[in-house]
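Proteins come first, then strands; the chains are lettered A, B, ... in the order of their sequence lines, and each starts at number 1. Computation of the quantities below employed the complete heavy-atom set of this structure, encompassing side-chain atoms and omitting hydrogens, waters and symmetry-equivalent molecules.
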Amino acid sequence: MVHIELPDGSVKELDQGSTPLDVARGIGEGLARQAVAAKINGELRDLTTPLENDAKLEIVTLKSQGGLELYRHSAAHLMAHAVKSLFGKEVQVTIGPAIDNGFYYDFYSEEHAFSPEEFETIEAKMSELAKADLPIVREEVSATEAVEMFRGMGEEYKVELIEDLGAETVTLYRQGDFVDLCRGPHLPSTGFLKAFKLTSVAGAYWRGDEKNAMLQRIYATAFPDKKEMKKHLARLEEARKRDHRKLGRELDLFSFSEEAGAGLVIWHPKGALLRTIIEDFERKEHLKRGYDIVMGPQILRTDLWKTSGHYENYRDNMYFTEVDEQGYGIKPMNCLAHMLIYKSKLRSYRDLPLRYFELGTVHRHEKSGVLHGLLRVRGFTQDDAHILCRPDQIDSEVKGVMRFVQEVAGIFGFEYNMELSTRPEKSIGSDEDWERATSALKSALDDSGQPYEVNEGDGAFYGPKIDVKLKDALDREWQCATIQCDFTLPERFELNYIGQDGEKHRPVMLHRVIVGSIERFIGVLIEHYAGNFPLWLSPVQATVLNVTDNQADYARKVHDQLRAAGLRVELDLRNEKLGFKIREAQVNKIPYMLVIGDREVENGTVAPRFRKGNNLDPMTVDEFIRFVQDECRQYH
RNA sequence: GCUGGCGUAGCUCAAUAGGUAGAGCAGCUGACUUGUAAUCAGCAGGUUGCGGGUUCGAUUCCUGUCGCCAGCUCCA
């Protein structure tokens with residue numbers, strides 16, 4: 001007999017060798033039907049695992065934590081099964097994990113290239129195998145046996161995996177004539193899989209290393225039922241409508257030109273205005289926080305990039321030019337000029353910290369395949385600052401930056417993820433430096449009250465860093481804010497300050513950006529608001545619409561008055577029906593439409609309509625101006 | 001950079017078993033003077049991304065190149 005303790009504290013007595021499925025049945029048929037796995041002493045296991053000893057047991061259903069992931073993992077096996085039965089030895093299987101909203105499986109094939117046209121065929125095969133409700137059976141075999149078996153099947157990648165595992169025994173999962181190396185656990189049978197759909201195929205390197213073979217990765221989505229999957233696909237469809245590349249064109253904000261070059265943004269009037277509003281906001285917020293605005297040149301002599309170490313490490317990503325036999329590098333970062341400003345005179349410990357802020361435009365030759373709308377470009381402007389401080393000031397400076405980041409995220413209503421990256425294997429600087437800097441970053445993160453991830457060994461070679469990531473419409477993460485400690489530049493540029501003791505000391509440098517690249521930030525912003533910018537950001541805040549030509553003069557007067565008051569306003573006097581003009585303003589996501597008909601002319605008012613569709617009571621122009629100013633004040 | 005896919009009018013898309021392209025919206029012209037998401041009519045608009053090849057003939061097939069999309073790798 002074994003004693004099994006359930007989550008509610010009750011204890012069941014069962015025959016040795018009973019399974020969690022037996023336990024579920026004992027509790028109720030309903031639970032047994034929904035059960036997909038079990039947590040035995042906290043470990044996720046198959047429902048058919050024999051219970052040999054006393055244990056704590058929790059039945060896992062599709063609704064419980066980990067249940068859905070397991071479901072998707074089994075769906076990945078189902079897809080591999082389908083692909084193998086369709087393509088046989090032409091295709092080798094590798095690995096296939098569950099991911100957010102679905103799963104993928106990586107295949108290797110020399111002969112066959114998967115295309116989306118085949119998705120239906122593969123899905124049909126999957127459905128067929130699911131309908132057959134094949135039991136998914138766990139087997140434990142010796143590693144040598146497994147190697148022999150997979151080698152016999154021509155599955156070289158599986159052989160490599162087993163050999164690298166270095167374990168004595170491995171587990172296999174078998175469903176029908178398909179067998180895969182897998183730790184599991186899995187669903188009891190293929191019949192549990194109800195809703196799945198292949199979504200895309202793309203290349204992926206074996207083991208994520210570009211030196212390895214390129215595999216073919218098929219992405220798919222999977223849900224416990226069709227309705228939920230449909231909902232997910234509809235959400236994706238909605239997200240695509242928020243794509244900043246699409247909205248950027250539709251709202252006439254920016255464009256790219258093949259003639260100008262890939263990854264180089266061309267800002268149209270409305271986009272440039274939006275950007276200007278954000279830049280003005282940045283300057284104001286930085287001045288408030290004790291930063292000095294500085295400006296450096298676009299190109300600096302190549303020698304200086306050699307001094308900084310950029311030439312040695314990053315020249316492949318830099319653009320160079322030569323005039324009069326003098327080489328120049330187009331700046332990929334803004335720090336050099338800031339170093340020169342620091343060095344322009346003798347500094348005292350009393351001067352520190354110095355905070356140099358620059359809306360610095362940089363150019364980096366990013367690999368062609370990584371460019372992505374505004375989110376990854378080759379020319380962009382950073383809200384960049386370099387803080388030079390004494391070692392004892394690191395802590396408070398980092399915390400100040402952290403607060404700044406959080407305040408800005410709050411103003412724009414962003415949720416964000418934070419990561420701390422620590423010392424990599426290849427690094428410079430003393431243990432003491434690293435310790436001090438890392439603990440300053442960590443303490444700022446702890447103080448922030450937000451959860452964060454630690455990426456051990458993921459820091460830059462010159463110092464640890466905090467990254468803040470924002471998500472785009474499709475939940476892809478993009479790094480925006482970052483705080484990095486740097487031990488090399490003060491060293492390489494021989495920066496120093498005179499301390500209280502009259503001796504020279506080396507300052508510490510922090511690189512930091514708040515929104516990061518303005519381009520990227522605007523890209524994320526567009527998707528975040530779906531193009532419906534809050535009033536204070538809207539490049540066009542209101543448009544004045546006359547009903548007929550009769551009100552043209554008054555409409556012009558209203559427009560001029562609003563413009564004089566500093567509102568960003570347009571005038572639409574076209575000879576069109578009101579409905580037509582409203583629609584157009586609506587499509588352009590202009591916050592307020594000011595309708596002017598005979599009534600308004602007579603009363604000296606405007607009739608505002610909000611882009612959400614609701615109308616406000618008619619008001620005078622002055623009232624509307626105050627109304628807009630009040631609304632803008634709410635945001636910052 | 002890599003793998004796969006794609007590139008037709010300003011935008012969204014159609015067409016061709018190889019026989020030099022068509023629609024809606026936008027634009028222009030005219031009529032209509034209009035009250036909260038599309039008034040009607042007419043006109044105009046493309047060396048089918050660019051270069052080379054095969055062919056009597058290429059937008060269609062092949063090849064190179066540029067760009068875009070998805071993902072991978074990268075992101076100081």
Contact class for [X] (heavy atom, under 4.0 Å): base, sugar-phosphate, or nothing?
{"X": "A/Glu250", "answer": "nothing"}
{"X": "A/Asn317", "answer": "base"}
{"X": "A/Ala585", "answer": "nothing"}
{"X": "A/Phe256", "answer": "nothing"}
{"X": "A/Asp549", "answer": "base"}
{"X": "A/Pro332", "answer": "base"}
{"X": "A/Gly208", "answer": "sugar-phosphate"}
{"X": "A/Ala460", "answer": "nothing"}
{"X": "A/Arg207", "answer": "nothing"}

Separation of the [atom1] atoms in [N] and [M], to the nearest angstrom:
{"N": "B/G30", "M": "B/U20", "atom1": "P", "answer": "37 Å"}
{"N": "B/G4", "M": "B/U65", "atom1": "P", "answer": "14 Å"}
{"N": "B/U59", "M": "B/A21", "atom1": "C1'", "answer": "8 Å"}
{"N": "B/A15", "M": "B/C43", "atom1": "C1'", "answer": "24 Å"}
{"N": "B/G24", "M": "B/G42", "atom1": "P", "answer": "10 Å"}
{"N": "B/A23", "M": "B/A44", "atom1": "C1'", "answer": "15 Å"}
{"N": "B/U54", "M": "B/C61", "atom1": "C1'", "answer": "8 Å"}
{"N": "B/G18", "M": "B/U60", "atom1": "C1'", "answer": "6 Å"}

Would you mind reading off the distance between [X] atom [atom1] and [N] atom [atom2], rounded to a whole angstrom?
{"X": "A/Arg376", "N": "B/C72", "atom1": "CZ", "atom2": "P", "value": "12 Å"}
{"X": "A/Glu584", "N": "B/A37", "atom1": "CD", "atom2": "P", "value": "14 Å"}
{"X": "A/Tyr104", "N": "B/C72", "atom1": "OH", "atom2": "P", "value": "8 Å"}
{"X": "A/Asp475", "N": "B/G71", "atom1": "CG", "atom2": "P", "value": "12 Å"}
{"X": "A/Glu258", "N": "B/G51", "atom1": "CD", "atom2": "C1'", "value": "13 Å"}
{"X": "A/Glu366", "N": "B/C2", "atom1": "CD", "atom2": "C1'", "value": "16 Å"}
{"X": "A/Phe380", "N": "B/A76", "atom1": "CZ", "atom2": "P", "value": "10 Å"}
{"X": "A/Asn614", "N": "B/A37", "atom1": "CG", "atom2": "P", "value": "12 Å"}

Any strand is fair game: report the nucleotide pairing with [N] by Watson-Crick or G-U wobble, both distances under 3.5 Å, or none.
{"N": "B/U60", "value": "none"}
{"N": "B/U65", "value": "B/G49"}
{"N": "B/U29", "value": "B/A41"}
{"N": "B/A23", "value": "B/U12"}
{"N": "B/G71", "value": "B/C2"}

> Of A/Ala113 and A/Gly597, whose closest RNA chain B nucleotide lies nearer the 5' terminus?
Replying inline: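 The answer here is A/Ala113.
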>> On RNA chain B, compare the nucleotides closest to A/Asn550 and A/Arg583; which residue's is nearer the 5' end?
In response: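 Closer to the 5' end of RNA chain B: A/Asn550.
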>> Can a donor-acceptor pair be found, under 3.5 Å and without considering hydrogens, that links the side chain of A/Lys589 to the backbone of A/Leu251?
In response: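 Answer holds: no.
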> Do A/Arg583 and A/Phe580 meet the cation-pi criteria used here (NZ or CZ under 6.0 Å from the six-membered ring centre, within 45° of the axis)?
Replying inline: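 No - A/Arg583 does not lie over the ring of A/Phe580 by the 6.0 Å and 45° rule.
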> Does NZ or CZ of A/Arg72 fall inside the cone over A/Phe103's six-membered ring, less than 6.0 Å from its centre and within 45° of the axis?
Replying inline: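 Ring-cation test returns no.
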> Of all the nucleotides listed (B/C66, B/G35, B/C75), which has the minimum atom distance to the side chain of A/Arg364?
Replying inline: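 Of B/C66, B/G35, B/C75, B/C75 is nearest to the side chain of A/Arg364.
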Could you tell me whether [X] and [Y] have their ring centroids closer than 6.0 angstrom?
{"X": "A/Tyr157", "Y": "A/Trp206", "answer": "yes"}
{"X": "A/Tyr592", "Y": "A/Phe624", "answer": "yes"}
{"X": "A/Tyr311", "Y": "A/Phe320", "answer": "yes"}
{"X": "A/Phe487", "Y": "A/Trp434", "answer": "yes"}

Donor-acceptor pair under 3.5 Å: do we get one between [X]'s side chain and the base of [N]?
{"X": "A/Glu600", "N": "B/G35", "answer": "yes"}
{"X": "A/Tyr205", "N": "B/G71", "answer": "no"}
{"X": "A/Arg245", "N": "B/C69", "answer": "no"}
{"X": "A/Arg217", "N": "B/C72", "answer": "no"}

Given [N], is OP1 or OP2 found less than 4.0 Å from the side-chain N or O atoms of [X]?
{"X": "A/His372", "N": "B/A70", "result": "yes"}
{"X": "A/Arg609", "N": "B/G35", "result": "no"}
{"X": "A/Ser200", "N": "B/G71", "result": "no"}
{"X": "A/Arg249", "N": "B/G10", "result": "no"}

> Which of these, A/Leu375, A/Leu253, A/Asp472, sits in a side chain to side chain contact (heavy atoms under 4.5 Å, CB included) with A/His244?
Replying inline: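 Single side chain to side chain contact (heavy atoms under 4.5 Å, CB included) partner of A/His244 among A/Leu375, A/Leu253, A/Asp472: A/Leu375.
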